[in-house]
Amino acid sequence: MKVSLPVPSNACCPQAFYTYGTYKEDGTPNFGLFCWFGFCWDGELSVMACIGGEKLTKDRIRATGRFSANLVTEELLPLASYFGAKSGYDSDKMQVDAAISKGRVLDVPVLEQSPWIFELEVKQTIPLDDSEVYICKIRNTLVEERFAEKARENKGPMPVDELKPVVGWGGGTFFKVGERILPDA
Ligand SMILES: Cc1cc2nc3c(=O)[nH]c(=O)nc-3n(C[C@H](O)[C@H](O)[C@H](O)COP(=O)(O)O)c2cc1C
């Protein structure tokens, strides 16, 4: 028997997580944690990302028109979780022990610890009630070398079982992603 839930809730949108990297006005990096992230087609594979309220990541995406989306893995979860809990408006947010480098195509900060990173350029901004959706061109996909061959030759899917991303919801409950089921490896 099914019952209806009273209101759609952020707790009902299990998603993979990405930390978005932007440069602040002073040129230093900032990272936030985001789950309203998905893919779309706009003549090529593209990304749609939604940011609500006011936050530093949003300010910097508006100002620069670009950001990195760094896949959150089990290993990266403690740091990513911190990036989601602490506001970028707090000046000490980025006093963390994290290896950060630069994108290969866009001037965006990337997290060395993330094995799968998109360098994104905002093509279109869609204003919504208290949020904005960014439709983004994927200018580069930066992956750990061991995953690159298959991905480059389109031989196989993103190896989700090896990347170990986490899924969950915006409230901050996280789950492991399971093993590949079909087709047999
Ligand atoms: C698990 C998790 C997921 C989140 N996903 C989103 C999201 O998709 N969109 C959004 O606007 N904020 C999201 N947030 C909130 C931001 O991560 C949070 O406001 C953070 O402090 C922003 O950092 P910043 O000020 O450095 O940009 C999420 C927070 C958590 C803990």
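Note that ligands are numbered from 1 as they come in the structure, with each ligand's atoms numbered from 1 the same way. Below, each value reflects all heavy atoms present in this structure, side chains not excepted, and no hydrogens, waters or symmetry copies.
- For the pair C35 and ligand 1, the shortest N or O to N or O distance falls below 3.5 Å.
- Polar contact with ligand 1: present for W36 (N/O pair, distance under 3.5 Å).
- From the protein, the heavy atom lying nearest to atom 21 (O) of ligand 1 is K86 O, 3.1 Å.
- Among protein heavy atoms, the minimum distance from atom 23 (O) of ligand 1 is reached at K93 NZ, 3.1 Å.
- Within the 4.0 Å heavy-atom criterion, neither part of F37 lies near ligand 1.
- Within the 4.5 Å cutoff, the side chain of F31 has heavy atoms near those of the I100 side chain.
- In this structure the side chain of F83 never reaches within 4.5 angstrom of the side chain of L76, judged on heavy atoms.
- The protein atom (non-hydrogen) at minimum distance from atom 11 (O) of ligand 1 is G52 N, 2.8 Å.
- Pairing each heavy atom of L56 with each of G88, the nearest pair is CD2-O, 3.4 Å.
- In this structure, I117 CD1 and I138 CD1 are separated by 13.5 Å, a value rounded to the nearest 0.5 Å.
- For atom 27 (O) of ligand 1, the closest non-hydrogen atom on the protein side is T57 OG1, 2.5 Å.
- If you look at W169 next to ligand 1, the close heavy atoms, those under 4.0 Å, all belong to the backbone.
- In terms of protein heavy-atom proximity, atom 13 (C) of ligand 1 is nearest to L33 O, 3.5 Å.
- The nearest protein atom to atom 7 (C) of ligand 1, hydrogens excluded, is given as F34 CD2, 3.5 Å; this is a heavy-atom distance.
- An N or O contact shorter than 3.5 Å is missing between A85 and ligand 1 by distance.
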D59 and E54: CA distance, side-chain angles, deciding distance, side chain to side chain contact (heavy atoms under 4.5 Å, CB included) verdict: CA-CA 8 Å; D59 299 345; E54 291 308 318; 3.8 Å; yes

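- Between F67 and Y18, the distance from one ring center to the other does not fall under 6.0 angstrom.
- The shortest N or O to N or O distance between G88 and ligand 1 is below 3.5 Å.
- For S131, no heavy-atom contact with ligand 1 is shorter than 4.0 Å.
- Of the N or O atoms in K55, one or more lie within a sub-3.5 Å distance of an N or O in ligand 1.
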